[in-house]
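Structure first, then comments.
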Amino acid sequence: MELFPGAGDKAVPVKITVIRGNNLVGKECSLLNYVRAEFNGMVLGDSQKLDVAVDQGVDYNFTCSFECSDAVHTLDDVAHKPVILTVMEILPKEKKQKEEKTAILGQAVVDLLPLLHGQCSFSSTVILHPTTGSPVETAFQESSSKPSLDVVICVPEPLLSGLQLSDSNLLMVTVETAYSVPEVWLPASGSGAPSSYVAALPIPLTAEKEQVLMFSNGILKVGGEREAVGRPRKWPMRSLLAPGAHFIPGVFIEGEPTDMVYGDLTSIEDRDFRNDAETNKKRVCWDTERRCFLDAGGVACLTRRIAENRLLPVEVMRSLQVGVTKGGKAGKDKAAEEDSQISFHGVAYVDMGPLLYPGTRRIRGAYQIYPFYDSDLQLKAKRNVSILKESIGALPNQCRERAPSSVGSCKMAPSKVFDGSHKGSKESKESPKKVSMYADSRTYIIIEIALEKSLVPKRPPEELAKRVRELIPARPPFPHRPAGAERAVQEYQAQVASVVGQVLEQYQQLFGPAFEPGGVPLDPTTQEQRKTQLLGELNYSGKYFAFKEQMKYSVVRIVREKMLRTEAFSDPQQLQAFLSQLYVFLVDEMHVALNKTLSVDSQEAQPRPLLDCAQLLHFAKEAQLNQDYQLATQYYQERLSRDRANPAHWFDYGVFYMMTADYQKADECFHYALSFSSCTVLLVMSGVLAEMDGRKKDAETFFEGATCVDPSNVMAWTLFGEINSVNPAHKQASVSPPPPPPHTHTHVCFYNLMGPRKTKLHMAQRALAHEVLSPEGGLSSSYHLALARLHLLRAEYGSAEYNLKEALKDSFQDPDLWALYGHLHYLTGEYGKAQNCYERTLDFVTDTAETHPVFLRLGSIYLQNGEFEQAKTTYLRACISTPSCLTWLGLGIACYRLGQLTEAEDALTEANTLNNENAEVWGYLSLVCLQSGRRLEAEQSYKYALKLNLQEPVLCEIKALQDEVGFGNPCF
């Protein structure tokens, strides 16, 4: 397998066309010149020699090409090597001169990176950078019109197909500057040989091979001023003669504050040291960027390597450059060999772990350099061989034979990764003074590693509502509550309906059904007889007088509130007129009530409940998460009151009782559910409770029944096998279990149902032990996840964390793992770590199984830290996906803290609609009303908050605000 695959199986020609030269200046009035094109150390061709006036443009129309393939010019060469265009001037011949002389006017570089982005052609106007002493140099400095070349690059087909383009990636490594270098790095006085400062790091490309990048063009500088902000980055090449051509066009090193997010020196204490080091102390500058093209295999390998070991070693050294003897032969004497050895060997460890965070494409930080020890390299980077020691011969060869490159790309054999079998190694033999030089000077190096596409994709930002009110679902208005005269009339009609119902009941007792479908109507004589008999029965039994007493109170209320009569009549005629008016009104309202009672069409539709059963279950589980078991019980009971014949309602209620260790009530709930439906999960849970109660025979019956209901259910067969392994007398099963589906971890599946619900924990342990012994199972990620949940259930947080770390080695992109890791830190009070885990969980493209606890706990952490904008965003996302009273309450608190009172009131009102018995909701509503100057509503909300036992922090804040505004407390 090639390190850098080319464009498919066939070579793709890359055509370079130099169209025109602009603003060129020569030594004479006329300019006889030509253009030479080079790529990857090879001359591609020369243009025709053209003689033009210096004030005119030069039309070269020169075309050359090279083939991009797996053999010579690979995609990695295209990524980090430019096309070099050199403009040569042919000088006039002097007397007795046989050969013509040429002078280099300048060089231009063309970046081929657009070809790796899928483009088939692009044009560019590149600056022609003058060489030292060139006539172009003066024009370049004085004239505003810079010399340039118009170039077109094209290929007949894209170098990468659509699939290759989406799966590949581009890695950019920039070694910037090493600050506070030791004094021994300075060249010794009197030594003629210059020093070479080298930094090297390995980049894994495949599982078998990796590439070592060696930056060998470090320049020693004295202190006194800071490095310029926005300085350009250099090409990893030294064949460029023009000084300005060393820089990559349009790519700069942007300055950042010293408190960088990544690296070693990020604390406040290190800030002063870094400011002093980057201003006054000596430093070695590279400022070189090396691009590496990674195909799909390389991306996967890099991702796996980072997951297995986060630290990437970057080795540095100072060595003497090997010179050439006077005879022209390379110096191979003993002194040259000693000069080529590694001296002042140091290493910095770059934490690559942040690149596995969803959406992260760049890390840049200051990394401290430590003395190099083989034992530290084995411990931290899991490597047992120094990359500089392996490639020590490559650097002199490059300096002597391959001068064009300042970044050695040494292709290594199978990477020597430490596997634990290494017994030890020979430590560095440097003197104690040299060993401690890095610690004494606190040398550090600034490195940037960037990717064109993130290794782990990030969820795109959601379009959140601009106003909270847009998220509140539309609901029908609350039913009108009558008052005064209207309420008195409705009460009278209700009493009439009640009396009519009792009279009909008495009629049916005397004469049978009052209305028979298809029956013959009664004749008038029979009707009169029955009426007389009914009245007599009512008078004889005393019910008639009871009805009068029942109606009296409602009639009195009509007189007082509808007729507005509260005093006695002095005139008998007025009394009689009033009674007539009252009688007519009561008879009319009686007919209205009778029509409502006896008419089928006029039955009023019952209003739909505000919450459906799914919302009630969601609220119940939320209350369980907050350990508010009384509120959870209310929600479960309300679900049952809606539909007692639904087995799912009984099952969820039974699981809740298992969580609270009330196994007797849980067993009753499962029996009620079984009376409506004999599904597998109900039989399984009943069997588990029977086994916990010691009823082995009943447990076996339930498990066997589950296998009969669903013979392909792996869970039922697993439990049936577990109970038989405990009871040797029942090992022979009448039905042999079917083979489980491929890649199904049966014992982990058993734990996932049983373990989290606080059933008998030894059964979960036994199932996980079987998983380890199973050939298809073993120490898999699912096994470690299940075991971590078991330890978390037992509050064994240390063991849970160990298993989560093991699981993350294989499944670092699993949002469920990161969510559980966040819950672990949250329960142990490490809220900062919990926040990082929760944020990573929500940034994954795939949702975790339960996002609601993540939203709630992350939002609460933001509120505790005073990060109210982040809290508002988090609670907004929760209100969109899984709204509840607590999500709207959190949103209301965040808006209130931000001073957005209207938004806060809308959110708190919705929270109150979902649960009007939450004291904190009433408390914050009171705060909003106090801030808005609404006295009556503030007092009412405050009274409700006190009635529901509001806790101290919010209560103290309300009292302080009441004292400030002067109202809101009814005791004032």
Problem - Pairing residues for W922 by the ring pair (Phe, Tyr, Trp, His ring centres under 6.0 Å) criterion, not counting sequence neighbours - result: Y944
Fill in the blank from the handout: Sorted by chain and number, sequence neighbours left out, ring pair (Phe, Tyr, Trp, His ring centres under 6.0 Å) with F547 holds for none
Exercise for the section: Taking H649 for its side chain and D643 for its backbone only, find out whether a donor-acceptor pair lies under 3.5 Å. Expected result: yes
Handout entry: L930 to A938 - nearest heavy-atom pair and separation
Key = CD2-CB, 3.7 Å
Handout entry: Exam field: side chain Q962 to backbone G968, donor-acceptor pair closer than 3.5 Å
Key = yes
Fill in the blank from the handout: Residues passing the side chain to side chain contact (heavy atoms under 4.5 Å, CB included) test with S677, sequence neighbours excluded, are P647, C679
Handout entry: Side-chain donor/acceptor of D693 to backbone N/O of L689, under 3.5 Å
Key = no
Problem - Pairing residues for Y635 by the ring pair (Phe, Tyr, Trp, His ring centres under 6.0 Å) criterion, not counting sequence neighbours - result: F619
Handout entry: Sole candidate of T887, T874, T882 that passes side-chain contact (heavy atoms from CB on, under 4.5 Å) when paired with L856
Key = T887
Fill in the blank from the handout: Across all chains, not counting sequence neighbours, the side chain to side chain contact (heavy atoms under 4.5 Å, CB included) partners of R565 are V559, M563, F569, F578
Practice task
Would you mind listing every side-chain hydrogen bond (donor to acceptor under 3.5 Å, both in side chains) that reaches into residues 529-541, with sequence neighbours excluded?
Solution key: Y507-R530
Handout entry: Shortest non-hydrogen contact from C879 toward L891
Key = SG-CD2, 4.1 Å
Practice task
Would you indicate whether F511, at its atom CZ, is surrounded by more than 12 heavy atoms from other residues, nucleotides or ligands within a distance under 6.0 Å?
Solution key: yes
Completion exercise
Across all chains, not counting sequence neighbours, the salt bridge (Lys or Arg N to Asp or Glu O under 4.0 Å) partners of E920 are none
Exercise for the section: For T597 and L594, indicate whether the former's side chain and the latter's backbone hold a donor-acceptor pair under 3.5 Å. Expected result: no
Problem - N626 side chain vs D628 backbone, donor-acceptor pair below 3.5 Å - result: no
Handout entry: Partners meeting side chain to side chain donor-acceptor pair (under 3.5 Å) with D667 (sequence neighbours left out)
Key = H671, R695
Practice task
Assert yes or no for the condition that the ring centre distance of Y663 to Y657 is strictly below 6.0 Å.
Solution key: no
Problem - E589 atom CD: more than 12 heavy-atom contacts under 6.0 Å - result: yes
Problem - Test salt bridge (Lys or Arg N to Asp or Glu O under 4.0 Å) applied to E491 - qualifying residues, sequence neighbours left out - result: R557
Practice task
Verify whether one side chain among S884 and E622 offers a donor that lies under 3.5 Å from an acceptor in the other.
Solution key: yes
Completion exercise
Value for CG (L625) from CD (E850), rounded to nearest 0.5 Å, stands at 8.5 Å
Handout entry: Under-4.0 Å salt bridge between E549 and K552
Key = yes
Problem - Contact list for residues 892-910, test salt bridge (Lys or Arg N to Asp or Glu O under 4.0 Å), sequence neighbours left out - result: R467-E903, R469-D906, R475-E910, R897-E957, E905-R934
Fill in the blank from the handout: Closest heavy-atom pair, S678 versus L683, reported as atoms and distance to 0.1 Å, is O-CD1, 4.3 Å
Problem - Y672, OH atom: more than 12 neighbouring heavy atoms under 6.0 Å - result: no
Exercise for the section: Verify, without hydrogens or angle tests, whether S641 (side chain) and E638 (backbone) share a donor-acceptor contact under 3.5 angstrom. Expected result: yes
Problem - Side chain E939, main chain L936, donor-acceptor under 3.5 Å - result: no
Handout entry: Side chain W888, main chain Y875, donor-acceptor under 3.5 Å
Key = no
Exercise for the section: Kindly write out the residues that satisfy side chain to side chain donor-acceptor pair (under 3.5 Å) with T851, not counting sequence neighbours, or none if the list is empty. Expected result: none
Fill in the blank from the handout: Taken to the nearest 0.5 Å, the spacing of L674 CG from S686 OG works out to 4.5 Å
Handout entry: Pairing residues for D523 by the side chain to side chain donor-acceptor pair (under 3.5 Å) criterion, not counting sequence neighbours
Key = T526
